[in-house]
Number of protein chains: 2
Amino acid sequence: MTAKREPISRRERPAKPALTRRGIVDAAVRVMRSEGLEKVTMRRLAQELDTGPASLYVYVANTAELHAAVLDALLGEVELPADEPGADWRDQLVAVLTSYAHLLFEHPQLARSALVARPSGENYLNLVERLLLLLSRSGTPQAQVAWGVDNLLQYATATAAEHGTQERDPMSRDDWDALARAVYGADEAVHPMIKAHLPDLLSGTESGRLAWGFDVVINGIIHTPVPGAEG
Amino acid sequence: MTAKREPISRRERPAKPALTRRGIVDAAVRVMRSEGLEKVTMRRLAQELDTGPASLYVYVANTAELHAAVLDALLGEVELPADEPGADWRDQLVAVLTSYAHLLFEHPQLARSALVARPSGENYLNLVERLLLLLSRSGTPQAQVAWGVDNLLQYATATAAEHGTQERDPMSRDDWDALARAVYGADEAVHPMIKAHLPDLLSGTESGRLAWGFDVVINGIIHTPVPGAEG
DNA sequence: ACCTGAACACCGTTCAAGT
DNA sequence: ACCTGAACACCGTTCAAGT
């Protein structure tokens, strides 16, 4: 049954491809894609890598750091098409942000983790670099651009965390229904403004609202000087 | 040792004050205030109420719903001072939003749960009602106001979820340090824009940025017509 | 230095059985 | 209808011991 010490015979199954941080993160991405981030646990991953959970702590500080590493890896998929200085900066900016948002819409749990443990990897820097470049083209003062990029990313991340892929997520549906009922059932005497804004309060498609939101933040950045700086 | 059946004797300890949804939520708020939301678990609460975890499921669907109920209860503490039609709508609007944000800054985990399971209770409706009223005073078209209130609340909630009370939260500090290192260590050749925006990228106080962010969203709402509607 | 087994201290949720 | 004990199926993390 047991080969005392198997000879090098390269044709055998890879079996245990030596634990590395890289290998752990790769396995984590694989598990997330097939079963969702909630299954990316130390124990599940250890099982996947044919070892015990304790072994992972040599390469990864804790579960939060592991999830952050997964996000960092995924950020490499944000589309940063070749910059065309002639093209409209606003269109290009919205395109990049939309690509980022779409990525997180498919993994809302990752968006939630991004709000808590902010990324700082290479892919994230590339994304920030591009956003700074495009927003700068608007002619907005530097300080506003620097602060504004943060708000743009936060808006995309938070929206993904909120509305992300509700297919088969019964909870979100329930919440939405509860809000709709509360809002339509509001008492005219107590909540006249809610009544007055009623169809609009819940109107619009997800992508329509997302696009509007990007415009809101962009226009806001452009029109709002940073306190200490010159206009 | 055991009294077979204790007589009515009202002077004894309250012992088991009959399970109710209200009692459960009250206990949850109590536990959150003293030990944080992460301790608000079915098991911990059952212990607090001197029963088994299974008993709670008669009144509460699951842990997420319980956390949502806690948020709803806390929302009653948002300050909605008497509306003064003479006062500047913008100042009043920012004051209400700041009060809401401060509440969540003290309970960042609650802010995170708010992003996922959106509230729809009475206190939430009161908050939305007031925001609609104040934002309407700007003269902005109804549809923009209706959509905009959502963005204002989302911005406050997301910011609280991100930066909320890092005192004693070693994780957040680490993240910030990592970002600072990444940004200051960026290669001039690869990330020139990051270098160019460097002091600004990480400058400002928490409350300074929050206030600026509110202005950004407000200005954005005012300047951004909703797609289908008349300007 | 790296890896491990085993343990500690928890979780959410369900279900059959009781009152 | 409400409440419960007990169980099922998991978690994260640590630590002493091994190689």
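Just so it is clear, the structure is predicted and the values come from calculations on it, not from any experiment.
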* Do the side chains of B/Val25 and B/Tyr59 get nearer than 4.5 Å, heavy atoms only? -> no
* Non-neighbouring partners of A/Arg181 that pass salt bridge (Lys or Arg N to Asp or Glu O under 4.0 Å), sequence neighbours left out -> none
* Asked: How many Å lie between CD1 on B/Ile24 and P on D/dC2, as a whole number?
  -> 12 Å
* To do: Using the C1' atom as the reference point in each nucleotide, state the distance between C/dC3 and D/dT14 in Å, no decimals.
  => 14 Å
* To do: Check salt bridge (Lys or Arg N to Asp or Glu O under 4.0 Å) between B/Arg130 and all other residues, then give those that pass, not counting sequence neighbours.
  => none
* Asked: Given atom CD of B/Glu65 and atom C1' of C/dG12, what is their separation to the nearest angstrom?
  -> 14 Å
All N/O donor-acceptor pairs, side-chain side in residues 71-79 of chain B, below 3.5 Å, sequence neighbours left out:
unit_1	atom_1	unit_2	atom_2	d
B/Asp72	OD1	B/Gly121	N	3.4
B/Asp72	OD2	B/Gly121	N	3.2
B/Glu77	OE2	B/Arg33	NH2	2.9

Kindly give the atom pairs (protein nitrogen or oxygen, nucleotide nitrogen or oxygen) under 3.5 Å for nucleotides 7-11 of chain C.
unit_1	atom_1	unit_2	atom_2	d
C/dC11	OP1	B/Thr41	OG1	3.4

* A/Ser203: what forms a side-chain contact (heavy atoms from CB on, under 4.5 Å) with it, not counting sequence neighbours? -> A/Asp200, B/Trp147
* Atom CG of B/Leu49 to atom C1' of D/dC2: distance rounded to whole Å? -> 15 Å
* To do: Could you measure between the two C1' atoms, the one in D/dC10 and the one in C/dA9, and give it in whole Å?
  => 14 Å
* Of all the choices, D/dG5, C/dT13, D/dT13, which nucleotide is nearest to the side chain of B/Tyr57 once you look at every atom? -> C/dT13
* Structure fact -> B/Arg21 meets the salt bridge (Lys or Arg N to Asp or Glu O under 4.0 Å) criterion, sequence neighbours left out, with B/Glu65
* Any residue meeting side-chain hydrogen bond (donor to acceptor under 3.5 Å, both in side chains) with A/Asn126, in chain and number order, not counting sequence neighbours -> B/His191
* Hey, is the side chain of B/Ser55 poking within less than 4.0 Å of OP1 or OP2 on D/dT4, counting only N and O atoms? -> yes
* Could you summarise the pairing of DNA chain C as dot-bracket text, marking Watson-Crick and G-U pairs under 3.5 Å with ( ) or [ ] inside the strand and | across strands? => ||.|||||...|||||.||
* To do: Would you please indicate if the ring centroids of A/Tyr155 and B/Tyr155 are separated by under 6.0 Å?
  => no
* Structure fact -> Here the side chain to side chain donor-acceptor pair (under 3.5 Å) pairs for residues 40-49 of chain B, sequence neighbours left out, are B/Glu35-B/Arg44, B/Arg44-B/Glu48
* OP1, OP2 of C/dC2 versus side-chain N and O of A/Tyr59: anything below 4.0 Å? -> no
* Asked: Rounded to the Å, how far apart are A/Asp50 CG and C/dC3 C1'?
  -> 13 Å
